Enquirer: 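Structure provided below as structure tokens; questions to follow.
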Number of protein chains: 2
Amino acid sequence: MKVSREQMAENRRRILDVASRLFKDKGFDAVSVAEVMKAAGMTHGGFYGHFTSKDDLVAQTLAHALAADSFGDGEFSGFVRSYLAPRHRDNPGSGCPTAGLAAAIRHQTPAAKAAMAEGLRTQIARIEHALPDQGSADARRAAIGSWAAMVGAVILARSIDDPELSNEVLEQTRAWIDANVG
Amino acid sequence: MKVSREQMAENRRRILDVASRLFKDKGFDAVSVAEVMKAAGMTHGGFYGHFTSKDDLVAQTLAHALAADSFGDGEFSGFVRSYLAPRHRDNPGSGCPTAGLAAAIRHQTPAAKAAMAEGLRTQIARIEHALPDQGSADARRAAIGSWAAMVGAVILARSIDDPELSNEVLEQTRAWIDANVG
DNA sequence: ACATTTACATGATGACAATCATATTTAAAT
DNA sequence: ATTTAAATATGATTGTCATCATGTAAATGT
């Protein structure tokens with residue numbers, strides 16, 4: 001059955017939202033096209049009317065998710081605190097797409113890598129802008145270094161079974177960034 | 001055909017070595033049991049004499065690879081320089097298993113996560129020991145923070161298609177660590 | 001209203017992978 | 001030497017997935 005133009009646009013948006021959550025939760029490979037479509041309230045058949053392939057969905061989902069990624073209106077140190085928190089570590093599906101997906105992008109198409117590059121540029125600029133000495137060479141260095149540490153810390157914290165060590169990785173990284181930024 | 005005891009032990013070692021390289025290069029999901037066995041010079045049938053499942057191979061490969069992971073005899077800053085180098089970024093198969101596999105461990109078995117926890121503990125201790133103020137609370141903080149930054153930087157640098165930005169991520173993270181350690 | 005387009009559903013198709021069953025060959029044990 | 005046990009090979013088996021072919025019904029344009 002055909003659907004109205006708006007309905008189709010909304011369906012497409014829902015597919016991207018749902019795919020973002022599922023990909024972040026389970027990884028690109030562990031999520032089937034049929035699973036995405038079912039979660040979006042449709043069957044798998046209509047998928048290829050919206051996207052040319054699963055690779056296409058991956059690339060568009062990345063662009064979609066990374067565009068929305070941001071840190072509200074708080075200060076930088078508030079952003080760091082919430083980013084390096086157990087709540088974020090324990091909820092990848094609703095969390096940062098960079099922490100959840102960056103490592104897997106290496107095995108994806110050029111379009112996916114291009115979307116990631118654009119998202120990374122934006123994020124570095126955002127952080128740089130939020131730092132006290134914005135515009136200086138030190139600020140760019142601190143933006144890149146602290147963002148790498150944040151992403152790395154969440155990935156490491158999620159990769160282990162030892163809750164104590166996992167918490168320490170988050171907390172020490174937060175303290176290390178706090179001590180060295182600004 | 002049966003093989004000698006030593007031959008079998010060597011076969012097992014070769015499977016783990018080859019699996020480590022393939023997993024780091026292509027990811028756990030993209031490497032089949034048959035591919036690992038073929039690369040080790042055998043057919044897929046004998047696999048289950050060495051390991052109970054592919055999950056078992058993943059966990060044992062991680063333990064194997066992380067145990068060997070270390071930074072030679074150089075200084076910490078030399079280790080950082082070679083870790084955050086284009087050569088390392090561009091050769092995941094022969095590179096650090098943490099940078100190559102950490103993010104994927106989230107989707108693996110508890111045994112894999114336990115192997116990663118052990119590897120992470122060891123690596124943090126190694127770095128802490130190599131720092132000038134080893135033993136202090138600051139040294140542990142710096143060890144964890146800089147290791148998170150190194151791992152995150154390599155993952156980010158590998159996830160994008162823009163060589164200039166990728167190089168900058170490596171270089172600025174190196175400078176940021178250099179400026180804040182010791 | 002009618003014709004046409006099109007978004008989605010249903011149901012193949014073909015490829016590939018993990019695991020297992022059985023056969024073969026040879027190292028060890030006696 | 002002969003027997004036994006084990007390591008690997010060969011060849012199913014079973015399930016899953018991406019993609020495609022075709023059907024259907026509703027929306028849009030005339």
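Keep in mind that this is a model prediction, so the values were computed, not measured. Only heavy atoms go into these numbers, but all of them, side chains included; no hydrogens, no water, no symmetry mates.
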Enquirer: Please tell me which of the listed nucleotides, C:dA18, C:dT25, D:dA9, lies nearest to the side chain of B:Y48?
Expert: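 So the side chain of B:Y48 is nearest to C:dA18.
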Enquirer: B:R5 side chain: which of C:dA17, C:dA28, D:dG29 is closest?
Expert: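 From the listed options, C:dA28 comes nearest.
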Enquirer: Give one of base, sugar-phosphate or nothing for A:V36, where a contact means two heavy atoms less than 4.0 Å apart.
Expert: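 A:V36: no heavy atom of the nucleic acid under 4.0 Å.
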Enquirer: For A:R21, look at atom CZ and say whether over 12 heavy atoms of other residues, nucleotides or ligands are found less than 6.0 Å away.
Expert: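 For A:R21, atom CZ is not crowded (no more than 12 foreign heavy atoms under 6.0 Å).
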Enquirer: Just the rounded figure in Å: distance from P of C:dA28 to CE of B:M8.
Expert: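 Rounded to whole Å, this separation is 12 Å.
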Enquirer: Examine the side chains of A:R12 and A:Q60 and answer whether a donor and an acceptor come within less than 3.5 Å of each other.
Expert: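 Note: A:R12 and A:Q60 side chains meet the donor-acceptor criterion.
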Enquirer: Salt bridge (charged side-chain N to carboxylate O under 4.0 Å, His left out) for B:R13 and B:E10? Distances and angles first, verdict last.
Expert: CA-CA 5 Å; B:R13 243 176 284 124; B:E10 191 192 317; 5.5 Å; no
Enquirer: Identify whether any heavy atom of B:G45 sits under 4.0 Å from a base atom; if not, whether one sits that close to sugar-phosphate; answer base, sugar-phosphate or nothing.
Expert: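 It contacts base atoms.
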Enquirer: What does A:T43 touch in the nucleic acid at a heavy-atom separation under 4.0 angstrom: a base, only the sugar-phosphate, or nothing?
Expert: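 Base, at least one base atom sits under 4.0 Å.
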Enquirer: Check for a donor-acceptor pair, side chain of A:S166 on one end and backbone N or O of A:D162 on the other, with a separation under 3.5 Å.
Expert: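 Here the side-chain-to-backbone pair does not exist.
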Enquirer: Just the rounded figure in Å: distance from P of C:dA7 to CZ of A:F47.
Expert: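 Rounded to whole Å, this separation is 15 Å.
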Enquirer: Calculate the interatomic distance between A:E35 atom CD and D:dA18 atom C1'; express it in whole Å.
Expert: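 Atom-to-atom, A:E35 to D:dA18, this comes out as 14 Å.
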Enquirer: Select from B:E6 and B:S53 the residue whose nearest nucleotide in DNA chain C is closer to the 5' end of that strand.
Expert: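 In this pair, the answer is B:S53.
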Enquirer: Quick one: on DNA chain C, does B:H44 or B:K2 contact a more 5' nucleotide (nearest heavy atom)?
Expert: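 First, find each residue's nearest nucleotide; the 5'-ward one identifies B:H44.
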Enquirer: Check the distance between C:dA18's C1' and B:K38's NZ and give it to me in whole angstrom.
Expert: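 Taking NZ of B:K38 and C1' of C:dA18, I get 18 Å after rounding.
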Enquirer: Could you state the CG-C1' distance from A:D55 to D:dC17, rounded to the nearest angstrom?
Expert: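 To the nearest whole Å, that distance equals 14 Å.
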Enquirer: In whole angstroms, how far is the C1' atom of D:dA6 from the NE2 atom of B:H50?
Expert: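 Rounded to whole Å, this separation is 11 Å.
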Enquirer: Atom CG of B:D29 to atom P of D:dT16: distance rounded to whole Å?
Expert: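 Those two atoms, CG and P, are 16 Å apart.
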Enquirer: If I take atom CE in residue A:M37 and atom P in nucleotide D:dC17, what distance separates them, rounded to the nearest angstrom?
Expert: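 Computing the A:M37:CE to D:dC17:P distance gives 16 Å.
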Enquirer: Looking at A:N11, does any N or O in its side chain come under 4.0 Å of the phosphate oxygens OP1/OP2 on C:dC8?
Expert: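 So the side-chain polar atoms of A:N11 do come within 4.0 Å of the phosphate oxygens OP1 or OP2 of C:dC8, strictly under.
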Enquirer: Parallel, tilted or perpendicular: which fits the ring planes of B:F79 and B:F76, with parallel below 30° and perpendicular above 60°?
Expert: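 The arrangement is tilted - the two ring planes meet at 30° to 60°.
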